[in-house]
Amino acid sequence: MSPAASDEIRTLCTTRVLAASPAAVFGAIADWRLISRWWGPAGFHSTFHTFDFRPGGRWIHTLHGPDGTDYANECRFTEIVAGQRVVIEHTSAPWFELELTLAPQDGGTRIGWRQTFADAETCARLAPVCVPGNEQNLDRLAAVLADLAARR
């Protein structure tokens with residue numbers, strides 16, 4: 001099996017065109033006050049403990065589920081290219097790497113969301129939760145961006 005084929009079976013991908021510039025989308029990722037408004041599936045909210053947005057910086061937060069369950073998360077930013085790309089390593093279980101890519105498209109931004117797990121089994125087990133959750137993250141991001149645009 002080629003390395004590319006191996007990555008495909010352990011990776012979840014989605015894309016969306018957002019009605020905002022790459023700079024605005026990047027800003028909604030880079031600013032803890034904004035990302036805390038949209039990060040997580042529908043019905044969740046976050047408490048940020050550490051948000052050091054730089055390569056090597058840590059991001060520690062708790063996702064609070066609508067049923068009251070708390071989910072501790074620890075991450076590390078591994079790559080940041082302003083307006084283009086952010087790579088996050090989710091170091092707490094389950095381990096995964098999340099690559100967010102931004103590119104201008106149709107007067108907005110095409111965001112790519114690529115979540116790669118350590119193995120195919122973990123990916124397959126979490127896909128039923130992560131696939132809709134990732135789409136809900138992007139729905140919430142779009143709403144925050146629309147709110148910001150309406151305030152201008």
Side-chain angles (χ1 to χ4, degrees), residues 3-4 7-66 70-118 122-123 126-152:
D7 277 354
E8 288 175 17
I9 63 171
R10 58 191 189 97
T11 301
L12 304 174
C13 298
T14 190
T15 60
R16 173 97 47 104
V17 176
L18 301 168
S21 70
V25 176
F26 183 80
I29 297 167
D31 184 333
W32 72 268
R33 291 171 296 247
L34 294 177
I35 195 171
S36 67
R37 290 174 51 193
W38 65 267
W39 190 265
F44 282 71
H45 68 279
S46 299
T47 300
F48 283 29
H49 310 288
T50 301
F51 189 78
D52 184 10
F53 190 73
R54 64 178 176 83
R58 293 175 58 202
W59 176 21
I60 301 170
H61 63 285
T62 303
L63 281 175
H64 307 284
D70 290 335
Y71 302 90
N73 288 266
E74 187 161 340
C75 304
R76 185 173 63 89
F77 296 102
T78 60
E79 185 179 346
I80 298 171
V81 179
Q84 296 177 24
R85 178 178 156 96
V86 177
V87 180
I88 303 163
E89 179 185 15
H90 188 267
T91 57
S92 53
W95 181 93
F96 61 84
E97 180 181 84
L98 178 63
E99 176 187 19
L100 306 174
T101 55
L102 310 174
Q105 183 175 326
D106 301 330
T109 301
R110 181 177 191 266
I111 185 169
W113 188 285
R114 181 177 172 87
Q115 187 176 22
T116 303
F117 294 91
T122 302
C123 183
L126 294 176
V129 173
C130 290
V131 169
N134 292 344
E135 291 292 341
Q136 292 165 12
N137 265 319
L138 293 176
D139 293 342
R140 295 179 71 193
L141 171 56
V144 166
L145 293 167
D147 181 56
L148 291 173
R151 292 180 187 203
R152 290 188 184 136

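Quick caveat, the model's predicted, so the values are computed rather than measured.
Looking at R54, its side chain never comes within 3.5 Å of a backbone N or O of I80 through a donor-acceptor pair. R140 places a side-chain N or O within donor-acceptor distance of the main-chain N or O of G40, the cut-off being under 3.5 Å. Side chain of N134 to backbone of C130: a donor-acceptor contact under 3.5 angstrom is found. Within the 3.5 Å criterion, the main-chain N or O of V87 finds no donor-acceptor partner in the side chain of E79. In this structure a side-chain-to-backbone donor-acceptor pair under 3.5 Å is present from R10 to F117. Judged purely by atom type and a 3.5 angstrom limit, T62 has no side-chain atom pairing as donor or acceptor with the backbone of T47. Put simply, the side chain of T91 gets close to the backbone of E74: a donor and an acceptor are under 3.5 Å apart.
Among all heavy-atom pairs drawn from G83 and L102, the shortest one is O-CB, 3.6 Å. When every heavy atom of A142 is checked against every heavy atom of L18, the shortest pair comes out as CB-CD2, 3.9 Å. Residues S92 and A72 share a closest heavy-atom pair of OG-O, 4.0 Å. Summarising the geometry of P22 relative to T109, their closest heavy-atom pair is N-OG1, 2.8 Å, with the distance given to 0.1 Å. Annotation for G27 and L34: closest pair O-CD1, 3.8 Å, computed over non-hydrogen atoms. Heavy atoms only, all atoms of each residue included: Q105 and V17 are closest at NE2-CG2, 3.5 Å.
Taking the six-membered ring for Trp and thresholds of 30 and 60 degrees, F77 and F53 have ring planes more than 60 degrees apart, a perpendicular arrangement.
Counted within 6.0 Å of CH2 on W113, heavy atoms from surrounding residues, nucleotides or ligands total more than 12; the atom is thus considered enclosed.
Between the CZ atom of R110 and the CZ atom of R16 there is a distance of 12.5 Å, given to the nearest 0.5 Å. Distance check, rounded to the nearest 0.5 Å: CZ of R114 to CG of L12 gives 10.0 Å.
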Exercise. Would I29 and W38 satisfy side-chain contact (heavy atoms from CB on, under 4.5 Å), going step by step from the backbone distance to the final call?
Worked result: CA-CA 9 Å; I29 297 167; W38 65 267; 3.9 Å; yes

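Residues I111 and L141 have side chains in contact (heavy-atom distance under 4.5 Å, counting atoms from C-beta outward). Between T14 and V131, every side-chain heavy-atom pair lies at or beyond the 4.5 Å cut-off. For the pair L63 and H61, the minimum side-chain heavy-atom distance is below 4.5 Å. Residues L126 and F96 are not in side-chain contact: their nearest non-hydrogen atoms beyond the backbone lie 4.5 Å or more apart.
When the options Y71, F44, W59 are evaluated for a ring-ring contact (aromatic ring centres under 6.0 Å, His included) with W39, the one that passes is W59.
When only modelled atom types and interatomic distance are considered, T116 and E99 share no side-chain donor-acceptor pair under 3.5 Å.
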